[in-house]
Enquirer: 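Got a structure here, written out as structure tokens. Questions coming.
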2 protein chains.
Amino acid sequence: MTRAQPYDREKALDAAQDLFWRKGYHATSLKDLEAALAMKPGSIYAAFKSKEALYLASLERYFLGSRQALRDQMAGAATVLGALADHLRSYGDTTGAPPHGRACMIVKTLLDTTADDGAISDRAQIYFEALRDEFAGFFRQARDNGELPPDANPDRLARRYQANITALRVEAHLGGDPAGLKDLAENMAQEVEELGNGG
Amino acid sequence: MTRAQPYDREKALDAAQDLFWRKGYHATSLKDLEAALAMKPGSIYAAFKSKEALYLASLERYFLGSRQALRDQMAGAATVLGALADHLRSYGDTTGAPPHGRACMIVKTLLDTTADDGAISDRAQIYFEALRDEFAGFFRQARDNGELPPDANPDRLARRYQANITALRVEAHLGGDPAGLKDLAENMAQEVEELGNGG
DNA sequence: CTCACATTTGAGTGAATGCTCAAATAATCG
DNA sequence: CGATTATTTGAGCATTCACTCAAATGTGAG
């Protein structure tokens, strides 16, 4: 049959994602990618077609990974609101592996691309909204199982929740006072929990 | 004396600020700037020294303008909290001239620069914190004049307030459903007002 | 009007960009 | 062990990048 691929596609995509996430699309050059992926330009183009396509693949990987991590985190929780609150709290801790201490790659993408960056900004918007839908689903779940009052608006709550995460992760990206960040996260987390106590 | 400057420095800086604000530092080329400023490369370098220096000048202009607009808005207000709430509400409207419908240039800068972009990210962080101090000053004012309880924490409130603005303006940048954005802004604004009602 | 000089000009700099492709390489097949 | 074919290689492509500087231009002084 065909020759086994001497490069590890998952590992390469992982390296590309990390590099793009840190430096952004425009500031990342092919030279940077060659070094990070340990691949020569020809191989990169054979495997990923173009810098833009590689970015799109990295972004998709980021989105799928984030969503999966969120679902896993929610699955084993006692209450939905408690788990959503804990998810916020987790961004208050900048130590440890990414995504801690980093802004959301989707938000970064949204902010530094324009219409003339082709499909990239469109795709980022789709992912951003998909994550919002994910949050809305959890709030709906909380409403349906009685954690939230019956007149709670899951879409509105999701929008607000996502806004909090966005802001929290921008703060984390700055890397200022860790206590202040933790305090901010705790503040937001408690607001979520209080939604269940007739807030 | 010396020859009158045939280019308008303010107008050029204004054009540069707008272009950088929209496209970001890395995605903006000298060609773009030449077109926007209606100046040839030699003139740009004589007037502004480098692309980085021009960006720093644009960012400073943005910061000073934003802070001044905020101060003006706060000066003629009946209550401090009401004015802070209205400031949030203003970002819920994407129609009209910038800054409406655009993310904060300082936040954009923070997210798409790294340490190897020299002074730019440092400067953006300074401005971001300066705006936070500005907000903290208003909350302190509200506490001292009785709008807030005596044990209110101005720094914490300012951090949360700035986080809300950051998130709101990221949402505005997306340009999705205007009603949803307005709703989000109203939501945040009411939370600020409720701080004064024993919240 | 002429001189002196500050300012603008824009073709041109070397370096870096994203990307290509003919040649070299390695793995599987009969 | 060749023969075949998928894959990698890396020098090098055209283009664009941020930037420079000698020459042209316009201005105020004498």
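Naming convention: chains lettered A, B, ... in sequence-line order (proteins, then strands); numbering from 1 in each chain.
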Enquirer: Let me know the distance between CZ of A:Phe48 and C1' of D:dT8, rounded to the nearest Å.
Expert: 14 Å
Enquirer: Does a side-chain heavy-atom distance below 4.5 Å link A:Asp18 with A:Arg102?
Expert: yes
Enquirer: Provide, to the nearest angstrom, the distance between the CG atom belonging to B:Leu33 and the C1' atom belonging to D:dC17.
Expert: 12 Å
Enquirer: So A:His100 and A:Tyr91, would you call those rings parallel, tilted or perpendicular, with 30° and 60° as cut-offs?
Expert: tilted
Enquirer: Which whole-number value in Å describes the distance from B:Asp32 CG to D:dT16 P?
Expert: 12 Å
Enquirer: Are A:Asp86 and A:Arg89 within salt-bridge range, i.e. N to O under 4.0 Å?
Expert: yes
Enquirer: Side-chain N or O of B:Lys40 less than 4.0 angstrom from OP1 or OP2 on C:dT8?
Expert: no
Enquirer: Can you see whether B:Thr28 engages B:Tyr55 through a side-chain donor-acceptor pair at a distance of less than 3.5 angstrom?
Expert: no
Enquirer: Tabulated below should be each protein N or O lying under 3.5 Å from an N or O of nucleotides 18-22 of chain D; please produce it.
Expert:
| unit_1 | atom_1 | unit_2 | atom_2 | d |
| --- | --- | --- | --- | --- |
| D:dA18 | OP1 | B:Thr28 | O | 3.3 |
| D:dA18 | OP1 | B:Lys51 | NZ | 2.8 |
| D:dA18 | OP2 | B:Leu30 | N | 2.6 |
| D:dC19 | OP2 | B:Tyr45 | OH | 2.5 |
| D:dC19 | OP2 | B:Lys51 | N | 3.0 |
| D:dC19 | O5' | B:Tyr45 | OH | 3.1 |

Enquirer: Taking atom P of C:dC21 as reference, at what distance in whole Å does atom CD1 of A:Ile44 sit?
Expert: 17 Å
Enquirer: Which of these passes salt bridge (charged side-chain N to carboxylate O under 4.0 Å, His left out) with B:Asp32: B:Lys23, B:Arg22, B:Lys51?
Expert: B:Lys23
Enquirer: Can A:Lys108 be said to sit on top of A:Tyr25's aromatic six-ring, NZ or CZ under 6.0 Å from centre and within 45° of the ring axis?
Expert: no
